[in-house]
Amino acid sequence: MRVTRRTFLKGTGATGAALAARRLLRGPETLRAAEIPQAYVEDFVPTACWIGKQDCGILARRINGRVVSLYGNPSNPRNLGTLCPKGVAQIAALYDPHRVKTPLVRTNEKGVPGTWRQATWDEALELAAEQIRTTLEKDPSLVVWQKGRSKSKYVYDEALTEALGCTKIGHGAFCSDAGYRALEYTMGPKGVLNPDLRHSKLILAWGWNAVAAGGNQLCWITWPRQLIEAKENGAKLITIDPRIRGTAHFSDRWLPIRPGTDLALALALCHVLVKNDTIDREYLRTYTNAPYLVGPDGYFVRRGDDPLVWDERAGKAVPAGTPGVVPALEGSFEVDGVTAKPAFQVFVEHVERYTPAWAAEITGISEGEIQLLGTEIGEAASIGSTIVVDGVELPYRPVGVMAYHAMQQELGFQATRAMILMLMLIGAMGAVGGTLGTTKWEIDDNYFALDAIEIGDGPYDPLLKSSRFFPINSGNPAIAATAILDPETYDVAKGYEVMILHMSNAAVSYPDTQAIRAAYRRLRFVVAIGPWLSETADLFADVVLPAATLEKYEGPGSASDGYLDAVMVRTPPMPPLYQSRGETDIYLQLTERIGVYEAFIEHLNEQLGLTGPHALDPSRRYTEREVFDHWAKQQGLEEGIAYFEENGVWVKDPLPPSVRYGYATDPPFGGVIHRFYGESLLRYQEQMREKGAPETFWRDYTPLPTWRPLTMDSSPPQYDLYLISYKLIEHKQDRTSFIPLLSELSGGQRLDINPATAAAKGISHGQMVWVESHNAVTGETRRVKVLANLTHAVRPDVVAMPHHFGLFSNPNSKDLGPSANALLFTGPGYVGMTADASFHVKVRVEPA
Amino acid sequence: MAQQVQPLPYGVGHTSRAWIAWVAALAAVAIAGWYGWSVEISRGMIVTGLRDIGPMGGATWGLDVAFIVYWVGVSFAGITIAALIRLASLHALKPIARMAEALTVVALLAATFAIMYDLGQPLRGVVNLFRYARPQSPFFGTFTLVISGYLFASLVYLYLDGRADAAALARMPSRLRWFHRLWAAGYRGTPAERARHDRTAFWLAIAIVPLLVTAHSTLGFVFGLQVGRPGWYSALQAPAFVLLAGVSGLGALIVIAVIVRRTVPDAEIPDAAFRWLGTALLVLLLAYLYFMVVEILTNIYTGAARERDVTRELLFGDFAPIYWASVASFAISVGLLILRIVRRGVGLGLLVTAGILVNLGAIGKRFLIVVPSQTHGTLLPYGTGSYAPTWVEYIEAIGLFAFCAFLLIVFAKVFPIVPLNRAPRGGEAA
Amino acid sequence: MARYGMVIDLDRCTGCRGCMVSCKIENNTPQGSYWMYVFRFEEGEYPATKVRFMPRPCQHCDNAPCVKVCPVGARYKREDGLVATDWQRCIGCRYCEVACPYGVNTFNWGHPEEHYYFDWNAEDVAPEVRGTIPAWDNPSLDEPYGPEQRHIAGGGHLKGVVDKCTFCVQRVEEGLDPACVQNCPVRALIFGDLDDPESEPAKILERRPSFRLLEEAGTEPRVHYVGGAPPTSETRQIEPAKAEV
Amino acid sequence: MKRVAIALALVVVGFALQAITYLFLATPIGKPTSVRFSNPRVPFAPALFILGVMLVFIAAIVYELLPERGDEGSTRGDEPRA
């Protein structure tokens, strides 16, 4: 902890003639500071970054109580006293002259950039509360709380929305929810694939820019450090990505894959593993439904409710889980009059056709490379080996896969499932050195829920939950927008009327921006809460409430680096600037005016686990500091929130293997059977067909991941390039491009294009080009003008654009170029089977 | 004036309308140049096209520095001619000695201004150079030898050499008599005085020649000692600077001499002087072209990668137009000068054309010495930079030409720009 | 006496440019001025593309061309190895800038106060921050440092004066690492006394092969690189940071 | 002769001043390893050096302009006073 205090006096000692002489010698400017003698008191107080997802610990350097710069907090295990460029640069965001300084009330029509009048908090809160209250009274589901990123899940996402009873929308469908759903459905943990970097020996950065893009759970600082340490410990890194960039230096091999074909590659790798017989049969038999007998109809053969397996020793079918049986994985058996095969056998036959040669054609990666990679994976897995970690002997399968945002593609859910199946074949899921989903191997409710979806008949809510369109559903606001705009097709009876926009910029950050803007225009009332005026607020908000940035209480959040347990709470290094307030304070005040304060307090007690003397009293009025003080005391910290105000982070013990690794939990893998074979997916497919969903919605609901040609590939041949989008290390979503320190580093929008492709099209570096995208289903085209950036780090048939741009409300973020989202589509062909957005589209590029 | 019975020689003291118009015009342009400087001072050098070398991809030295070098180069002529008259007894050159000396002085004043234009903190420059200047810095030579020593020596030379004429003029009634008296400072033309002057002139010439070589070399060292800038680090820089200084200086002198011969009443500058100037220019030019070939050959034959890049950029790249224009102006000048010799006439037209061309070429070459090694010569892969001067730099540069011309034509009206012709017989003047 | 230097581990650098921003904040450099610059390099052709990174602080050369050419001794070498710029003496001739083979010098082309990243005196910011110094005005930078007590901490930022990396002399003199080093998330930058065999950088240099940039120029930099290799003529800079004023 | 003596003295002093200043009073020459190499040993030494350069040339003026004591040949002047 480096919280020091020092005072230094700035004196001049020079007066009169001496001063004049110095002025002459040094030029007039030098005396700027020296002329004003002043005592400065410097100190360092903890707070936390609000930009990224991992809430890096910060020590704010203050001079005379005013924050002047931000340093990493050395106590925080995630960032160990360091910050990424965004973290350091947010000082400019804190003092951004374009912050929302007072509550604002719109004075012009919606749908165009707003003109505003300043209002008092009383007026603005009353205005918002009135609208929310009357709508809640009518129908709570008409009120929607939309978040971009929420940094206090229990307070906002849970307690608030439950107190209001409203609809909530997150950003997951544009992030990595396809991967989340696949892992939740298949194994239970709520997360996407990420490697156990401390022990992995073969790391596949699958669509992951390991050193610039972060991953789930952690954003950026922690992963690269662990990856570099893994590399220094001899791990091999293979990058599977149409574009390589930063990872190139750390990658042992680069497999430039054609966008959207990850499923084909994963299936071919499964093929190689099966052919090489590098299969962890013990894992498959013990923890998965791979031995379950599948009948000719594709469903498990059951007796009563119990699926059957074939006991090799007894030579008969017995209910799965019968103690002492050795279930067959291969073969074909006659059971109860039908020919049944273990699911694994079905899988082996299923992947028979997915040869490396077949995949080479689709993915653009050579047959030899695929064969080699499959063999490498099988060998690296060292099936059967164990390792002792913290005194516990555990299976050691050091093959780690990181697959994150890349899974937001048309076949993302099944591609992730195919990767998981591939890892299951070698037993690497949840193994030491293998692939994990989260810091802690915990089974999420979705494991059960996604297997037991009751597909309704409609009318549906705008997110189309439990619908015949998207039974497994990530809650995509663009789909909601599409459904609101076309209620008949999607069988939607009502849209939304009132929106609470929580630090979200849906109108720019999410594709399809056009559909979203059109739908948001129909909202009767929007209250936006955020430190800056987002474009969404600028276009659609009726009332804007100024939120504080890092000068507020927020949390609690994890500060674990994956191996060490730690908790953080954001504490304000100085009072909120201008008239801004922390969101918790805002919600406490808003719920009071709406009349649901008591409910909010009760839900806070529930969500924050506040009991006994630490429970909040619904009849009392609290400030946000008091709420977090109660929480901190509940955790056993006597000094309450002051502990975090002093330290920023509460570091606990190292996470034991029994928490981290699926094999090590008690019971192993939380006691659930892994869905190697997705029987319920087949059931959903049948129900969807029965209820009349078009093929485009049900065709990917297959129990085993199945390749099909991508929709975008049916665009006309002149749309000869794939557009992908990516993250820059300098920016985070659209939250940072207005920070001049960062846009200076990033240089704004560009289109990465291979020099060979550029040459063929007569495009030179730094030239303006038109990028025109094409919707293969509707025939619609969209285009933007952008600067060409020639790079050898991208496939010749791919062009790539970073996110982060296309903003217009903040003068500092104007003129940085268009948003990649302006080219992307939503709807059939451009969303996955789980309503997850696909960030792929075919485009053509020509000189502007 | 009523008592003025006789006009002063060579139009001194006589102002025509044309002259006034010229003075006004030149003053206006010179003031425009200083206005440019005032903008630069108040807003910073951001108003120039200069930018940092490296991430900013610019040139931090540009037109200003090119003109510092150019003006110092032009100053070469006066002292050289004066010294040659004394040391090599080239009496034919005597009529152009005064204008040559004046040219040296005004060129050095222009160079001083150009240096001030180029300083981020000009005021500090004045104070700190006297206070802290370090002998190790190649700039030490520029600041002390060139600006102080050279300028001071030239003034001394101009002054002492003009005393006899001043005394002669001081005998004639005019409004400028006080000035001529002041200059003459008691000179009466006694043989002892003349002998003394001959001795001082001789010793001054001796003293000035090494100063001259050192001064121009010093400027070459400013560039030639820099290992970090491909294209600069070369032992040839110093001698090449001396040569190109001679070329531009003689070129400028030719132009001025022709103008004087055409415009100043009674000014008789013998053809021999022009012949000598033409031939000398030709010789220096050929020597300089030889240096250029040697330099290019070295750079493209054995130069390190970045040296070759810079050379390629000069020959074929962004700077090729300026480079080849400079080469062409030198080559054409060579042709014109040879043609003049072949034709056996004086060929004033040819001489003036060559004089102007070599100066344009010299400016081009100075620019090419300064800029490409910065924009295209970064040793780390910053990529290619660029530099385009802004109006401020152009107006400053043009202003200096006007300033020099202004000083010269004003000088010609207060003092004979051509020495009074009293040798070999005395008292014959006017 | 300690003689400081820096070791940069190119095998660890991810090119995030966090050091560039922390340098800018620590030293309050105006727009377009990078005392620390991180190169992003591309080499080779698709698919054998190589991308790598190279941070470039001032090399604090032992035989510094900039020190040699400075006409007024504003640029000088300290005994602890730092190459310092006295911003109260600099006359703005920029000779150091042309002399430096590494391109590390930055000149204050305009009024720096017009080129900070946010406006402390903006009409509606001022009331909020009144009575405090601007966030971009680090008081540590205005003080004289070292035994020589000269103004070298980079607080100059005066129009017409040259700036460059100071190795954060204001921090080093307090026993802290330079801001870039402290902030490097992957510990690719290591600072310390190269003369002390027990120091972290000295030990790394002992253990691993290293190189210095433009060794052939004879400048004897105090910044050593381990891992990777110096850029070659085939190295292309990609994604240059925007440096405009 | 006094004239010559003064002029020569000026030249000698000028050169001496230059040499002394350059070598001993100005910033030490050598590989710059400390702040010592950035400061003149004597304040304003560069000004002294320039003074030295000027003295050498001032010698010429002094030599020519120093009034003569014995008014030799005022009548033999070819340019009688106006």
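A note on names: the letters A, B, ... follow the listed sequences, proteins ahead of strands, and every chain is numbered from 1.
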Give, as side chain, backbone, both or neither, the part of B:Leu50 having an atom under 4.5 angstrom from any heavy atom of chain C. both
Sequence-distant partners of C:Asp86, salt bridge (charged side-chain N to carboxylate O under 4.0 Å, His left out), two or more places apart: C:Arg150
Looking at B:Asp118 and C:Arg94, is there a salt bridge between them, counting it only when a charged N and a carboxylate O are closer than 4.0 Å? yes
C:Tyr37 versus chain B, the contacting section by heavy-atom distance below 4.5 Å: side chain
Tabulate below the donor-acceptor pairs under 3.5 Å that side-chain atoms of residues 35-47 of chain B make, not counting sequence neighbours, or state none.
unit_1, atom_1, unit_2, atom_2, d
B:Ser38, OG, B:Tyr35, O, 2.6
B:Ser42, OG, B:Ser38, O, 3.3
B:Ser42, OG, B:Val39, O, 3.2

Do B:Tyr382 and C:Arg56 pair up side chain to side chain, a donor and an acceptor below 3.5 Å, judged on atom types alone? yes
Please classify the contact of B:Gln374 with chain C as side chain, backbone, both or neither, using a heavy-atom distance under 4.5 Å. side chain
Quick one: list whatever passes side chain to side chain contact (heavy atoms under 4.5 Å, CB included) with C:Cys96, sequence neighbours left out. C:Cys66, C:Arg75, C:Asn105, C:Val162
Structural part of C:Cys100 lying under 4.5 Å from a heavy atom of chain B: backbone
What residues of residues 211-233 of chain C sit under 4.5 Å from chain B when you count only heavy atoms? C:Leu213, C:Leu214, C:Ala217, C:Pro231
For each of B:Ala59, B:Gly54, B:Gly228, B:Pro381, tally heavy-atom pairs with chain C at distances under 4.5 Å, and name the one with the top tally. B:Pro381
Heavy-atom distance under 4.5 Å to chain B: side chain of C:Tyr95, backbone, both or neither? both
